[in-house]
Number of protein chains: 2
Amino acid sequence: MNPLTMKVACSNCNLRELCMPVDLNAQELQRIDEVVAVRRKIRRGTPLFRNGEPFTSLYAIRTGFFKTCVATEDGRDQVTGFQMAGEIIGLDGIVNDHHTCDALALEDAEVCVMPFDRIEELSREITALQHHVHKIMSREIVREHGVMLLLGSMRAEERLAAFLLNLVQRLHARGFSRSELVLRMTREEIGSYLGLKLETVSRTFSKFVEEGIVEVNQRHVRLLDIDALKRIVNSQQTCH
Amino acid sequence: MNPLTMKVACSNCNLRELCMPVDLNAQELQRIDEVVAVRRKIRRGTPLFRNGEPFTSLYAIRTGFFKTCVATEDGRDQVTGFQMAGEIIGLDGIVNDHHTCDALALEDAEVCVMPFDRIEELSREITALQHHVHKIMSREIVREHGVMLLLGSMRAEERLAAFLLNLVQRLHARGFSRSELVLRMTREEIGSYLGLKLETVSRTFSKFVEEGIVEVNQRHVRLLDIDALKRIVNSQQTCH
DNA sequence: CGCGCGGTTGAAATCCTTCAAATCCTGTGG
DNA sequence: CCACAGGATTTGAAGGATTTCAACCGCGCG
């Protein structure tokens with residue numbers, strides 16, 4: 001089959017098990033293909049959607065890397081997550097029919113556009129899809145609980161260690177190394193996500209390097225001692 | 001009608017518009033009553049559910065006040081939210097069929113138990129219910145974005161001010177005063193939610209009192225200058 | 001080749017936490 | 001009904017972690 005003419009469809013997408021339910025029969029699988037309206041390419045640095053825009057669709061990331069961020073009136077903003085291939089963005093828009101955050105591509109990306117009314121329609125018929133949608137939303141809620149725990153109770157080193165472990169774990173699930181990664185975001189964006197200033201992120205990286213836990217060359221990071229990172233995350237530095 | 005024998009049903013629940021869709025016809029409304037299996041009373045200080053327990057149901061709070069919290073292996077924990085009448089708890093359990101946080105009653109409470117498989121079943125038939133479930137989950141995601149913003153980028157005073165405003169706004173939507181509230185949680189629980197130590201919470205309250213912004217008597221709080229609180233929240237204390 | 005953004009590092013300042021002690025409240029048992 | 005115990009809250013003083021301000025480095029791009 002000529003890959004250039006290969007049908008754009010979930011049924012032959014290698015990321016399917018990441019963004020679609022797994023237990024589908026052939027007929028259901030075929031119907032699922034109807035969910036994806038089109039694919040859309042997003043250039044690095046440009047938005048997939050912005051705060052305030054009407055909500056129409058969820059987006060499954062095919063390639064590339066995104067950040068989502070919320071902002072206050074007074075100009076502060078907070079990165080709420082980094083998303084990679086197989087993950088779903090746009091859930092924030094459902095409640096008010098408008099997006100409440102920005103989604104920006106950190107590298108050239110491609111997403112599958114899934115109109116939400118079509119998702120709702122199909123998931124009334126395909127139980128597995130319905131349940132899948134629920135799980136995806138619940139997963140996002142649980143993920144955010146984790147971030148709240150991190151932001152609310154961890155010190156800088158713990159936050160960065162948790163961040164690196166989370167990132168490499170997700171990359172590994174996608175076939176990449178379990179100990180090497182290329183950061184697609186700046187120190188400032190990492191800092192925003194972790195509730196730290198960019199200088200603190202940089203210093204904490206340096207500290208890890210000194211201790212021989214990681215190797216850092218710009219955006220390229222190698223985790224030399226994953227157990228040490230894990231120990232840092234659940235250290236609970238109490239001295240008594 | 002004798003209130004003691006009044007049927008336990010959404011159709012005659014005064015909180016209906018808070019936890020159920022509004023645009024239902026009579027027949028649908030009647031079917032919705034099937035969603036609530038039973039009501040359950042929870043004594044102050046006892047759990048509605050705990051981390052690790054199998055997930056079966058969502059819970060709509062009828063009366064009372066809850067906190068939800070997540071914990072790490074090393075014993076740290078983080079309050080992820082405070083919930084009051086009309087709000088839904090349990091969404092965290094959907095993704096893995098097990099709860100991933102604790103829900104504790106902060107005062108004697110009563111909840112409507114809504115088995116999730118029944119919710120899924122009915123929402124395949126009643127579009128409004130389906131959409132409502134999606135909105136509730138999306139709303140929770142958006143709420144958590146707000147908490148992340150608070151935890152990641154606000155100083156102590158801003159956090160407490162935002163907390164008080166949020167609480168009083170939700171209480172007001174339930175018919176309570178727009179400027180007076182009784183805290184159902186300890187300073188420590190507030191601190192956990194806001195990523196602060198209890199002493200910091202206490203000190204910040206004292207500061208607000210000194211400045212004449214609020215009046216505090218133990219758990220009883222009166223907001224004297226709501227605009228000042230709002231100004232504190234979006235102050236973005238930069239000096240240049 | 002130089003500009004500029006992203007990153008690193010140092011020193012001082014700030015905010016929050018920690019530790020400690022006193023006080024206030026609440027619920028319980030006599 | 002009162003006394004008491006224990007938890008909750010407040011407040012002070014000292015310490016620590018992160019931020020702020022500032023300077024410098026270095027890689028990539030025009």
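Within every chain, numbering begins at 1; the chains are lettered A, B, ... in the order of the sequence lines, protein sequences first and strands thereafter.
One atom, CD of B:E157, and another, P of C:dC16, lie 8 Å apart when rounded to the nearest Å. Atoms NE2 (A:H220) and C1' (C:dG6) sit 18 Å apart, rounded to a whole Å. Here C:dT26 presents its C1' atom at 17 Å from CG of B:L183, a figure rounded to the nearest Å. Straight-line distance from the CG atom of B:L194 to the P atom of C:dT17: 10 Å, rounded to whole Å. Whole-Å rounding puts the B:L196 CG to D:dT9 P distance at 15 Å. Distance B:K197 NZ to D:dA17 C1': 13 Å, rounded to the nearest Å. The distance from atom CE of B:M154 to atom P of D:dT19 is 16 Å, rounded to the nearest whole Å. The distance between atom CZ of B:R184 and atom C1' of D:dA8, rounded to the nearest whole Å, is 16 Å.
The minimum heavy-atom distance linking B:I226 with B:S179 is given by the pair CD1-CB, 4.3 Å.
Here salt bridge (charged side-chain N to carboxylate O under 4.0 Å, His left out) pairs that include residues 141-153 of chain B, with residues two or more places apart or in two chains, are B:E140-B:R143.
In terms of the side chain to side chain contact (heavy atoms under 4.5 Å, CB included) criterion, residue partners of A:V182 (sequence neighbours excluded) are, by chain and number, A:R184, A:R219, A:H220.
Within residues 198-210 of chain B, the residues approached by DNA chain C to less than 4.0 Å at the level of any non-hydrogen atom are B:E199, B:T200, B:R203, in residue-number order.
Across all strands shown, B:G191 has no heavy atoms under 4.0 Å from either base or sugar-phosphate atoms. Among the heavy atoms of the strands lying under 4.0 Å from A:R219 are primed sugar atoms or P, OP1, OP2 only; no base atom is included.
Between A:R44 and A:D108 there is no salt bridge, since no side-chain N of the basic residue sits under 4.0 Å from a carboxylate O of the acidic one.
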| Taking it one step at a time, do B:E87 and B:R174 satisfy salt bridge (charged side-chain N to carboxylate O under 4.0 Å, His left out)? | CA-CA 11 Å; B:E87 297 180 329; B:R174 284 158 181 78; 3.6 Å; yes

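Note: A:F49 and A:H99 have parallel aromatic rings, judged against thresholds of 30 and 60 degrees for the angle between ring planes.
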